[in-house]
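Values below: all heavy atoms of this structure, side chains included; hydrogens, waters and symmetry mates excluded. Order of listing sets the numbers, starting from 1, for every ligand and every atom in it.
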Amino acid sequence: MTPSDVKATLSFSDGSPSMDLPIYKGSIGPDVIDIRKLYAQTGRFTYDPGFLSTAACNSTITYIDGDKGELLYRGYPIEQLAEHCDFLETCYLLLKGELPNPTQKTDFVKLVTNHTMVNEQMQFFLRGFRRDAHPMAVMTGLVGALSAFYHDSTDINNPQHREISAIRLIAKMPTLVSMAYKYGVGQPFIYPKNSLSYSANFMRMMFATPCEEYEPNDVLVRAIDRIFILHADHEQNASTSTVRLCGSSGTNPFAAIAAGVACLWGPAHGGANEAALNMLKDIQKQGGVEKIGEFIKQVKDKNSSVKLMGFGHRVYKNYDPRAKLMRETCHEVLSATGLHDDPLFKLAMALEKIALEDDYFVSRKLYPNVDFYSGIVQSALGIPVSLFTAIFALARTVGWIAQLNEMIADPEYKIGRPRQLFVGSTRRDVTPLAQR
Ligand code: ACO
């Protein structure tokens, strides 16, 4: 962190002594005011629920400029990565800081490919779930359970353990997600096939059966690979911060990533793609395009709590660059699958147009986010809605690991322990039960 020449001074109206606070500059983006000594010097905490103005760490991995609509992984714009790289190159970049050269890429792909199988016992563990369990419930369990199956890579303070667990997690997530899917639909699990690429292998594990081989289609494989790239990391979002906080206690990497999966499940975060598609289906059921006006009215009504899912973002207040790329992929996939006239897609396009012109959304800087389109793409690929968030988790695993490893390797790292403003009862005495 580079100290700035500028200092902040905090003064108090009650005559308490003022305090100088150092400011640090990043390579890009807003400076930060260092408040670490605030409590020791003033006896006061800062108050920032939802982390609206708080940087919880310094990081070299991902940079977002929400006003410009820019997303960089290790400095590279997401548009260039989506065009020139595949998902495993992106994983290498996020984990190691640089894009691989051809030899490094071959070695990395081989390494990941050699870890795609999961311990055979895991399928018996999986069989303990109800068939109708939500895939994210299954994934939270399976990822956490990896720590029980791979004891030799659970020491977060050992760099080799961190490296092996990283490769295992990236390699095994597609196998686990497709197992969760197959279990839910009552089909046999399909083992990974190492002659295929990461994404083609995933599609095959999803859609092949013992009676019918799956022939990977380039456009569709490229689409799922792009979904993985676009979701691979997104700096200190809720699930990543969860992974960092969970891992800060020294817990094992599988447990920390399972915490990330659990957090991602929520509809305000990774669950939004599922929620967006369910919303489209609901509008469709109620009458389709003609009902959009009525739906938008409900969204604007403060008492209704209805939101336009797939719109808005905490950081992007101009546009979500991932949404632009996913919109392109959406058109490619719908052309390749002959679904361009699909009523749900037409409804989505009509909704997008109306929302982009409506003053409610324009004035609040609410634009479609990546999830508005990724649900439509995944649906066209034949992926059921309930699996969308699990696919997001698969893709984000590399980002979680990169962020977790960065934190552990940081000499300044400490267990995360937020403070609070207590507003409950002050000390009081217990009245015995009979007298209450
Ligand atoms: N539909 C309708 N109104 C909205 C929406 C929406 N999707 N999103 C925000 N607003 C409104 C809010 O009601 C608020 O209005 P007000 O100023 O009149 O009170 C204003 O816009 C600002 O919204 P906030 O909730 O303060 O924005 P915040 O940054 O906290 O929330 C969030 C961002 C959670 C993503 C929100 O926009 C949302 O819930 N969107 C729908 C869910 C979604 O698509 N999430 C995916 C995020 S992307 C991802 O995880 C990959």
**Q** Looking at residues at least two apart in the chain, or sitting in another chain, which of them share a side chain to side chain donor-acceptor pair (under 3.5 Å) with Q378?
**A**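 Q378 satisfies side chain to side chain donor-acceptor pair (under 3.5 Å) with no other residue.
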**Q** From the options I64, V398, T62, select the one residue that forms a side chain to side chain contact (heavy atoms under 4.5 Å, CB included) with D233.
**A**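 Only match with D233 under side chain to side chain contact (heavy atoms under 4.5 Å, CB included): T62.
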**Q** Considering non-hydrogen atoms of the protein only, which is the closest contact for atom 2 (C) of ligand 1, and what is the distance?
**A** V299 CG1, 3.4 Å
**Q** Is the contact between L366 and ligand 1 made by the side chain, the backbone, both, or neither, using heavy atoms and a 4.0 Å cut-off?
**A**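 It is the side chain that gets close, since no backbone atom is under 4.0 Å.
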**Q** F361 versus ligand 1: do any nitrogen or oxygen atoms come within less than 3.5 Å of each other?
**A**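 In fact, backbone or side chain, F361 has no N or O that close.
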**Q** May I ask whether atom 31 (O) of ligand 1 is less than 4.0 Å from at least one protein heavy atom?
**A**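 No.
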**Q** With ring centroids as reference points, do Y316 and Y367 lie under 6.0 angstrom apart?
**A** no
**Q** For ligand 1, does K317 get within less than 4.0 Å through its side chain, its backbone, both, or neither, judged by non-hydrogen atoms?
**A**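 Side chain only.
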**Q** Within a 6.0 Å radius of atom NZ on K317, are there more than 12 heavy atoms belonging to other residues, nucleotides or ligands?
**A**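 Count over threshold, so yes.
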**Q** Which residue and atom name correspond to the protein heavy atom nearest atom 17 (O) of ligand 1, and how close is it?
**A**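 Its nearest protein heavy-atom neighbour is R364 NE, 3.9 Å.
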**Q** Nearest protein heavy-atom contact for atom 45 (N) of ligand 1: which residue, which atom, what distance?
**A** A272 CB, 3.3 Å
**Q** For atom 28 (P) of ligand 1, is there a protein heavy atom at a distance under 4.0 Å?
**A**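 Looking at atom 28 (P) of ligand 1, one finds that a protein heavy atom does lie closer than 4.0 Å.
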**Q** Quick check on the 6.0 Å ring-centre criterion: do F45 and Y39 meet it?
**A** yes
**Q** Check each heavy atom of F372 against ligand 1 and say whether those closer than 4.0 Å belong to the side chain, the backbone, both or neither.
**A**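 None of F372 does.
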**Q** Give the residue and atom name of whichever protein heavy atom lies nearest to atom 25 (O) of ligand 1, and the separation in Å to one decimal.
**A** K307 NZ, 3.9 Å
**Q** Judging by distance only, is a nitrogen or oxygen of R314 under 3.5 angstrom from one on ligand 1?
**A** yes
**Q** Can you tell me which residue and heavy atom of the protein come closest to atom 3 (N) of ligand 1, and the distance to 0.1 Å?
**A**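 Protein heavy atom at minimum distance: Y360 OH, 3.0 Å.
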**Q** Could you see which bit of K302 sits under 4.0 Å from ligand 1, with heavy atoms only: side chain, backbone, both or neither?
**A** side chain
**Q** Looking at atom 22 (C) of ligand 1, is any protein heavy atom nearer than 4.0 Å to it?
**A** no
**Q** Check for me whether the distance between the ring centres of H84 and Y76 falls short of 6.0 Å.
**A** no
**Q** Could you tell me whether D371 approaches ligand 1 through its side chain, its backbone, both or neither, with non-hydrogen atoms closer than 4.0 Å?
**A** side chain
**Q** Would you say K297 has more than 12 foreign heavy atoms packed within less than 6.0 Å of its NZ?
**A** no
**Q** How about CZ on F51, more than 12 heavy atoms from neighbouring residues, nucleotides or ligands closer than 6.0 Å, or not?
**A**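 Incorrect, the count does not exceed 12.
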**Q** How does N369 reach ligand 1, if at all, at less than 4.0 Å between non-hydrogen atoms: by side chain, backbone, both, or neither?
**A** side chain
**Q** How far is atom 40 (N) of ligand 1 from the closest protein heavy atom, and which atom is that?
**A**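 Checking every protein heavy atom, the shortest distance to atom 40 (N) of ligand 1 gives F311 O, 3.0 Å.
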**Q** More than 12 heavy atoms of other residues, nucleotides or ligands under 6.0 Å from CZ of R130: yes or no?
**A**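 Counting neighbours around CZ of R130, 12 or fewer heavy atoms of other residues, nucleotides or ligands fall under 6.0 Å, so no.
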**Q** Could you identify the single nearest non-hydrogen protein atom to atom 42 (C) of ligand 1 and state the distance to 0.1 Å?
**A**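 That would be M309 CE, 3.4 Å.
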**Q** Enumerate donor-acceptor pairs with a distance under 3.5 Å from any side-chain N or O in residues 274-287 to protein atoms, sequence neighbours excluded.
**A**
from : atom 1 : to   : atom 2 : distance (Å)
E274 : OE1    : H134 : NE2    : 3.2
E274 : OE2    : H134 : NE2    : 3.3
N278 : ND2    : E274 : O      : 3.4

**Q** Quick check on the 6.0 Å ring-centre criterion: do H269 and H234 meet it?
**A** no
**Q** More than 12 non-hydrogen atoms from neighbouring residues, nucleotides or ligands closer than 6.0 Å to CG on D48, yes or no?
**A**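 For D48, atom CG is crowded (more than 12 foreign heavy atoms under 6.0 Å).
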**Q** Which residue and non-hydrogen atom of the protein lie closest to atom 7 (N) of ligand 1, and at what distance in Å?
**A**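 Going by distance alone, atom 7 (N) of ligand 1 is nearest to L308 O, 2.7 Å.
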